[in-house]
K.L.:
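Questions regarding the structure given below will be posed in turn.
Numbers for residues simply follow the sequence, beginning at 1. What you see is a predicted model; the values in this text were computed from it and never measured.
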Amino acid sequence: MHYVVCYRFPNPRSDMPRLIQWIKIVGLDNIDPNTVYKTKFICAMHFTPDCSSPGTKRLNANAYPLINLPKTNISIPKTLVSPINLAVVSNNDVVHMHLDESFMSGFNVLDEVLTVSDPSSSVSHNNDREVQSLSMNRVDIDLDLSFMSGIQNLESTLTGTDIIDNDINASIGKSNAHNVVANIVDRNCFISASKCMTALKKTNNTQGILKQIGVRTCKQLTPRCKTFYKMNKLLLRKYRQNRSRKTLFKERLNSAEKFTDEYIVGKYSNMMSATASMFMKLQIRETKKLSKGHRFSLNEKMLSLSLYKRSPKCYRMLSTLFTLPSKRTLNAILSTVSIRPGICSLVMDVLRENVKKLKPTERYCSILFDEMCLSSGLNYKSSSDIIDGFIDTGVYRSQMFGDHVLVFMIRGIKKKFKQPICYTFCQGATKQDELVRQLKEVICEVHKTGLRVVATMSDQGRANEGAINIMRNDTRKHYISNNLEYRNDYYEVEVAKGEYLQIVHLFDVPHLMKCIRNNLITKDLTFSTNGIKKTAKWEHLIQLYQADSFIPDCKMLPRLTDAHVIPEKIPKMKVRNACQVFSQRVSAIMNFLASKSIIDPGAADTAEIFLFFYKLFDSLNGSFDKVVDGKIFRTSVKKNSIHHQLWMDSLKVLSTMKFVNKNGKAVSIPTIKNWEMTIKGFQTLSKALHIKGIQSLLPRVLNQDSLENLFAGIRSVGCSNPTCSIFMSSYKTLLLNNLVSSHSPGANCEDFTEGCLLTYKNLFSIRQETPEMPLLSCDLPEQVIPNQLDTTQYLRDLTHTFISGYIIKKINKNLLKNFKTCLKLICSNNTSSENYELLQAREYQPSRPSLKYPAPSFGLLVSKIIVNITQCLPSVCHHPKIKSILIDKILSNFNLSILHCPKHDDSIQYKIAECIVNLFLHFWCTEINRILSGKRKIKHNEKDPIKLLANSWYEKHSKKKVKIGKFNQV
């Protein structure tokens, strides 16, 4: 049985205005709205298809009955869509309602016979139920023409009585009364049209067969035809069933295959890491596709980028075994994020958004800064149109070569996070004044993000000590001018107008330990405890090591090696070797042997100083909240912990320490003073953080290990001694990969797991702003090319001619596409001139020339452009947009109108200038790099100032003198 969908009126409690509008539209103004809602329904024939959600029969929130309505003066809301023209049938037409029974849940179903009364018939009333219906509505039936094409008009009429009020029926009139079918029906009213629904069950195929032979019903068929008709119906039914089964089987098969793949991936994904699971899904999804049809997500590109940066050679091999993004794809995603020297606004914007998610106590952080040695070298980057390798602080650029990089990083105090902030290139160590400016700028920018800087950290470089002393002296002057008492434990930075931030400076504790060991190797250390003067010597450790080495089959100190004891074999920069000497085990065994007079009895003093620095180092490098392995000082610092008493006692001992050389003369060593400053800084910082709500402080978060790990990661991703360009690329890669580079074997720091506040998704989600133009140093004067010898001038002209032919070949490939009109302007047909002798010599097959022979006018033009670039490039090499500057000079100084072409008139001149500039930018940078690395000597009459600077830098920094032979003379 087929049904008709009916809808309830809007709920008066939630949507009274729409209910009133519906009542006005259907003409039930005289009935209470609550009564209408409880007793009245309206069928789906009066709503347009867009009133319901796609795939459902439920009405939208702005649905109104708009179609099959009488011409009334009711105002319809302007926001409603005008009703579409639907077919309207009369009482003599057959009504076919093609309704889907699967979507009928939730609606009232009418099972009573619904008929259309004759216009002249009277209107009957139901005394048992009060039924109100709307007049002047027309029957709106959604006719399926494809369904109706083969169906005969049924000679049956709808029986029953249409329930309509007398007043409304009188207003309808004879012209449209036959169009009213069923408008508003009571809850107990229902439709049952058995004859109509029986006809609907017949398919268009069977009805079409009868229609084709001129028969209206099967009753008119002969017995044999009836048998054949039944057989036809049976075959059609079986055909439909088989077709349905076939379709369902294909769908089930596809669903099963899809489910199998998802099930396998889901099952094994839980058994592996997130990275391995992502790699497996990538291979399953992309392996069967063509190479040009591969698509990779951002996560997959970042994983591939980290593999490529670790080892390009290994990545090429993996690309042959697995489906991975190409090198071009990885370089393209790297170029979309620009992180230049100086403070990057993109990084700060992302950091500002992520800091909002942190709790107030998690926002306290420290700033680490340190320098890393680089290899000098220039590299032209076409994506940013700039030559990298010069001194660049973000606000200033010069023509001097950068061989060091200064990096700033923030590190959380309570929450474990680390984040590089900025970097700058310099030559040698950064000057004190410049370091003060950069440090203040970084502190102010970090403060604007919402983080609260409470400490800064560095090693004992002279520039670092000088910069901190400058900032402390400025703070002292500020306090004195305001009649305030100043303690030398901190310095202040003005982060806003009238707002000052107190910051404690700490020196890296592992670095202090290393410096104590290095000084003790060459000097004796005198100190006093309880008023007794004592002396520690490195010779005592050598005696202990020798006594232990005499044991043939075992050792008391198995970890000590020649790299720990023998001065000539000690790696001076390794912190691990220093900490293993200043240990409780070495101190205890040395004290025991000294008490037995096996070694010098004075070694007891050395054992005491070893134990002193062991305890002090543990108290300033603790990483556990509770005592582990009995090491009571390697724990967190709390209000009443034992660290405070140890620090007070240590300050007394450190105040008596002095290094004495072999002549017995005291030597001033800043390391002891920096130890005292660091301990006082920890005391001040622990008290300040306790007031701010941080009850427990892990001292290990206050060292430079995170920065050292960053340097190790850059060396592992790039190379052991990267240039400025390689550093920038590696820095960006680590930043996008959240510093996931593994802890380097033999690194000079401990692996302390921390997260980053930035993610690559954040960096790609925020739009980058164009950086401000930095200040530039004065341009060097343009060089004057000296007169050349006849032979040199002859070879130079031939080389310029060859370069002109190369440029023509490049332009023809990318732009001209063998367009004869343009080629005639720049190419020559006469190849027998002496200017083409080098080109003829370079031909692989002289009988079949493959090189381009430039016209004399074009060759002369290119030669003049080359000379102009050679003269002006050294003076503007440090400018941003270097290629644009050179192209503008070429277009303004040379007449390129001879290259007039109706097809390429707008682009050929610019393309030729761009090709020449690109060629000589890369060639010039390569020449400079060869001079910097000692692979090429400069000419005796060299006038290029940058080449002269490169030669001076090499002579100053070269570790071995290069003998001038016949192969490296110029």
Side-chain angles (χ1 to χ4, degrees), residues 254-337 339 346-347 350-351 353-354 357 415-420 706 709-710 712-714 716-718 729-745 751-766:
N254 294 334
S255 300
E257 291 178 351
K258 184 178 180 181
F259 172 77
T260 303
D261 294 341
E262 294 177 353
Y263 174 76
I264 293 175
V265 171
K267 179 180 179 181
Y268 291 102
S269 295
N270 298 329
M271 303 180 183
M272 57 185 69
S273 64
T275 304
S277 174
M278 179 176 61
F279 185 81
M280 180 186 69
K281 294 177 182 178
L282 167 63
Q283 301 308 312
I284 294 176
R285 187 186 72 245
E286 299 293 334
T287 300
K288 296 181 180 180
K289 296 181 181 179
L290 299 177
S291 59
K292 294 186 178 180
H294 293 158
R295 296 296 181 268
F296 304 96
S297 65
L298 198 56
N299 291 334
E300 295 164 350
K301 291 179 182 178
M302 289 299 104
L303 172 63
S304 303
L305 182 62
S306 62
L307 294 176
Y308 174 73
K309 287 297 182 179
R310 180 56 57 86
S311 175
K313 185 176 181 180
C314 180
Y315 187 81
R316 288 193 295 270
M317 184 197 70
L318 291 176
S319 299
T320 61
L321 302 177
F322 305 102
T323 303
L324 294 173
S326 64
K327 176 183 175 181
R328 186 175 182 180
T329 301
L330 301 181
N331 290 333
I333 195 173
L334 263 183
S335 62
T336 57
V337 178
I339 302 177
L346 172 64
V347 174
V350 176
L351 189 62
E353 294 298 323
N354 291 340
K357 305 174 185 177
K415 184 178 178 62
K416 292 183 180 180
F417 66 83
K418 58 182 178 181
Q419 184 59 56
S706 299
N709 282 330
L710 173 65
I714 288 174
S716 64
V717 170
S729 178
S730 302
Y731 179 88
K732 186 192 302 183
T733 302
L734 291 178
L735 202 63
L736 293 177
N737 290 333
N738 293 334
L739 309 180
V740 296
S741 181
S742 63
H743 188 67
S744 302
D751 191 9
F752 192 59
T753 304
E754 292 171 304
C756 285
L757 289 181
L758 295 188
T759 63
Y760 62 85
K761 294 182 179 179
N762 300 134
L763 292 175
F764 285 108
S765 62
I766 293 182

K.L.:
Please name the pair of heavy atoms, one in Leu330 and one in Pro325, separated by the smallest distance, quoted to 0.1 Å.
P.N.:
CD2-CB, 4.1 Å

K.L.:
With sequence neighbours left out, what residues match Lys289 under salt bridge (charged side-chain N to carboxylate O under 4.0 Å, His left out)?
P.N.:
Glu286

K.L.:
Rounded to the nearest 0.5 Å, what's the gap from CG on Leu282 to NE2 on His294? Could you check?
P.N.:
9.0 Å

K.L.:
OG of Ser729 to CG of Asn331: how many Å apart, nearest 0.5 Å?
P.N.:
8.0 Å

K.L.:
If we ignore hydrogens and angles and just use 3.5 Å, is the side chain of Arg285 paired with the main-chain N or O of Arg295 as donor and acceptor?
P.N.:
yes

K.L.:
According to side-chain hydrogen bond (donor to acceptor under 3.5 Å, both in side chains), who are the partners of Ser730, at least two apart in sequence or on a separate chain?
P.N.:
none

K.L.:
For Pro420 and Val347, work out which heavy atoms get closest and say how close.
P.N.:
O-CG1, 4.2 Å

K.L.:
State the OG1-CD distance between Thr323 and Glu300, to the nearest 0.5 angstrom.
P.N.:
10.5 Å

K.L.:
Are Leu305 and Met302 close enough that some pair of their side-chain heavy atoms sits under 4.5 Å apart?
P.N.:
yes

K.L.:
Rounded to the nearest 0.5 Å, what separates atom CG in Leu351 from atom CG in Leu346?
P.N.:
11.0 Å

K.L.:
Sequence neighbours excluded, which residues qualify as side-chain hydrogen bond (donor to acceptor under 3.5 Å, both in side chains) partners of Ser319?
P.N.:
none

K.L.:
Which atom pairs, donor and acceptor, lie under 3.5 Å between side-chain atoms of residues 273-281 and protein residues at least two apart or in another chain?
P.N.:
{"residue": "Ser273", "atom": "OG", "partner": "Ala276", "partner atom": "N", "Å": "3.3"}
{"residue": "Ser277", "atom": "OG", "partner": "Ser269", "partner atom": "OG", "Å": "2.9"}

K.L.:
Please list all pairs passing the salt bridge (Lys or Arg N to Asp or Glu O under 4.0 Å) test where one or both residues lie in residues 315-334, with sequence neighbours left out.
P.N.:
none

K.L.:
Evaluate the side-chain proximity of Leu324 to Phe296: yes if any heavy-atom separation is below 4.5 Å, no if none is.
P.N.:
no

K.L.:
For the atom pair CG (Leu735) and CD1 (Ile339), what is the distance rounded to the nearest 0.5 Å?
P.N.:
4.5 Å

